[in-house]
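Given the structure is predicted, the values throughout are model-derived calculations rather than measurements. Note on naming: letters A, B, ... go to the chains in the order of the sequence lines (proteins, then strands), and numbering restarts at 1 for each one.
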Amino acid sequence: MQLKQLLFSRITVIWLGLVGASCVSLELFRGVPSADLSRIGGGAVLVIAFTKCRYILLDFMELRDAPRPMRLFAELWCAGLGAFLVAALGTSWFGFGAA
Amino acid sequence: MPQHNTEAAPDSQSLPAPTTVQHGEEGVWLFIFGDMMFFGLFFVSFLFYRAGDPAGYDRSQILLNQSYGLGNTLLLLTSSWCVAQAVHAFRVADKSRCRLLLMLAIGMGIGFVLSKSFEWSGKFADGITVQTNEFFMFYFMLTGIHLIHVLLGIGVLCFVSNRVGGADNASNGSRCMVVLESGAAFWHLVDLLWVVLFALLYLVR
């Protein structure tokens with residue numbers, strides 16, 4: 001296995017994307033001063049996080065070509081849980097959760 | 001050995017049906033999916049309780065060091081890259097590179113544990129504990145459970161690395177491939193969970 005193969009592979013491109021997305025998430029946190037914008041920023045951070053999760057599941061964990069139930073679980077976990085958390089953060093769904 | 005299944009084509013005129021491949025042990029995947037569901041409940045619980053006192057959670061979150069969080073994320077992402085490349089190296093029968101990449105991943109896992117212990121000790125030195133408030137209860141509980149996963153993952157990678165070294169013929173080589181793929185999947189799970197924890201605990205406001 002050549003070093004060139006190691007460095008110029010799909011996995012490496014995805015790793016670079018994941019690293020870049022992590023840095024963008026931190027900048028979103030730092031660059032949002034107002035409360036209204038912070039809610040949008042928080043939602044964006046979650047969308048980025050679950051998009052990263054999808055790539056980890058499909059490419060690092062090799063579920064892209066997995067049997068349909070496994071692939072479906074991975075997609076549903078990312079899209080379903082991610083969408084639920086973003087919606088819960090952006091709305092008052094959990095407003096009754098006051099301790 | 002990966003299990004290959006070809007889904008039935010509707011008729012003989014159709015294009016060849018796509019082949020699906022299951023890497024690793026079924027039992028390990030069941031554990032991984034169960035763990036993902038379990039953590040999913042934790043994530044929902046965190047946002048549920050956060051809704052009760054968002055301002056208080058934001059004030060506590062500011063006390064976290066976001067740079068530590070990013071550093072930990074980069075460590076785990078890079079270790080995952082190493083593990084994914086190690087699996088590929090084993091497939092092309094490059095055992096020495098496979099072991100080297102696994103060792104690098106283990107080193108980064110240990111780096112994560114050290115970083116987390118520095119972060120926690122800094123919090124304890126500032127008088128912040130699990131009893132300080134609800135946010136820090138979640139912070140220590142979630143990062144603590146995740147840390148247990150990291151320690152388990154390091155143990156798994158050590159075991160896998162040892163097995164890779166002992167794989168010297170086709171028979172135990174294919175068994176070793178299953179062990180390697182299963183161990184790799186578990187390590188990627190550790191990375192996956194941290195990606196969401198980093199977002200929820202350190203960044204979401």
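Note: A/Ala49 leads A/Ala49, A/Ala44, A/Ala74, A/Gly82 in heavy-atom pairs under 4.5 Å with chain B. Of the listed residues B/Asp191, B/Ile32, B/Val87, the one with more heavy-atom pairs under 4.5 angstrom with chain A than any other is B/Asp191. Of the listed residues (B/Leu200, B/Val196, B/Thr78), the one with the most heavy-atom contacts under 4.5 Å to chain A is B/Thr78. Heavy-atom pairs under 4.5 Å with chain A were tallied for B/Gly69, B/Ala184, B/Ala199, B/Ser67; the largest tally goes to B/Ala199. Of all the listed residues (A/Lys52, A/Met61, A/Arg71), the one sharing the greatest number of non-hydrogen pairs under 4.5 Å with chain B is A/Met61.
Both the backbone and the side chain of A/Thr12 come within less than 4.5 Å of a heavy atom in chain B. Within the 4.5 angstrom heavy-atom criterion, only side-chain atoms of A/Ile56, from C-beta onward, approach chain B. Proximity to chain A (any heavy atom under 4.5 Å) is restricted, for B/Tyr202, to the backbone atoms N, CA, C and O. For B/Ser80, the parts lying under 4.5 angstrom from a heavy atom of chain A are both the backbone and the side chain. Using a 4.5 Å cut-off between heavy atoms, B/Trp81 contacts chain A through both its backbone and its side chain. Contact of A/Leu63 with chain B is made through the side chain alone, with heavy-atom distances under 4.5 Å. Contacts between A/Ile11 and chain B at a heavy-atom distance below 4.5 Å involve backbone atoms as well as side-chain atoms.
Considering CG of B/Leu203 and CG of A/Leu28, their distance stands at 8.5 Å, rounded to 0.5 Å. Distance check: A/Ser25 OG to B/Leu70 CG gives 9.0 Å after rounding to the nearest 0.5 Å. Atoms CZ and CZ, from A/Phe84 and B/Phe43 in turn, are 13.5 Å apart once rounded to the nearest 0.5 Å. From A/Phe60, atom CZ reaches atom NE2 of B/His188 across 7.0 Å, with rounding to the nearest 0.5 Å. Taking CZ of B/Phe46 as the reference point, atom CG of A/Leu85 lies at 10.5 Å (rounded to 0.5 Å).
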As a quick check of understanding, evaluate side chain to side chain contact (heavy atoms under 4.5 Å, CB included) for B/Arg50 and A/Leu89, giving each step before the final call. CA-CA 9 Å; B/Arg50 185 186 182 280; A/Leu89 186 73; 3.8 Å; yes
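A pairwise comparison of heavy atoms in B/Val195 and A/Cys53 identifies CG1-SG, 4.0 Å as the closest pair. When all heavy atoms of A/Ser22 and B/Thr73 are compared, the closest pair comes out as OG-CG2, 3.6 Å.
With contacts defined as side-chain heavy-atom distances shorter than 4.5 Å, the pair B/Gln85/A/Trp15 does not qualify.
Between the side chain of A/Trp77 and the main chain of B/Met36, a donor-acceptor pair closer than 3.5 Å is present.
Counting non-hydrogen atoms of neighbouring residues, nucleotides and ligands closer than 6.0 angstrom, the CE atom of B/Met37 reaches no more than 12 such neighbours.
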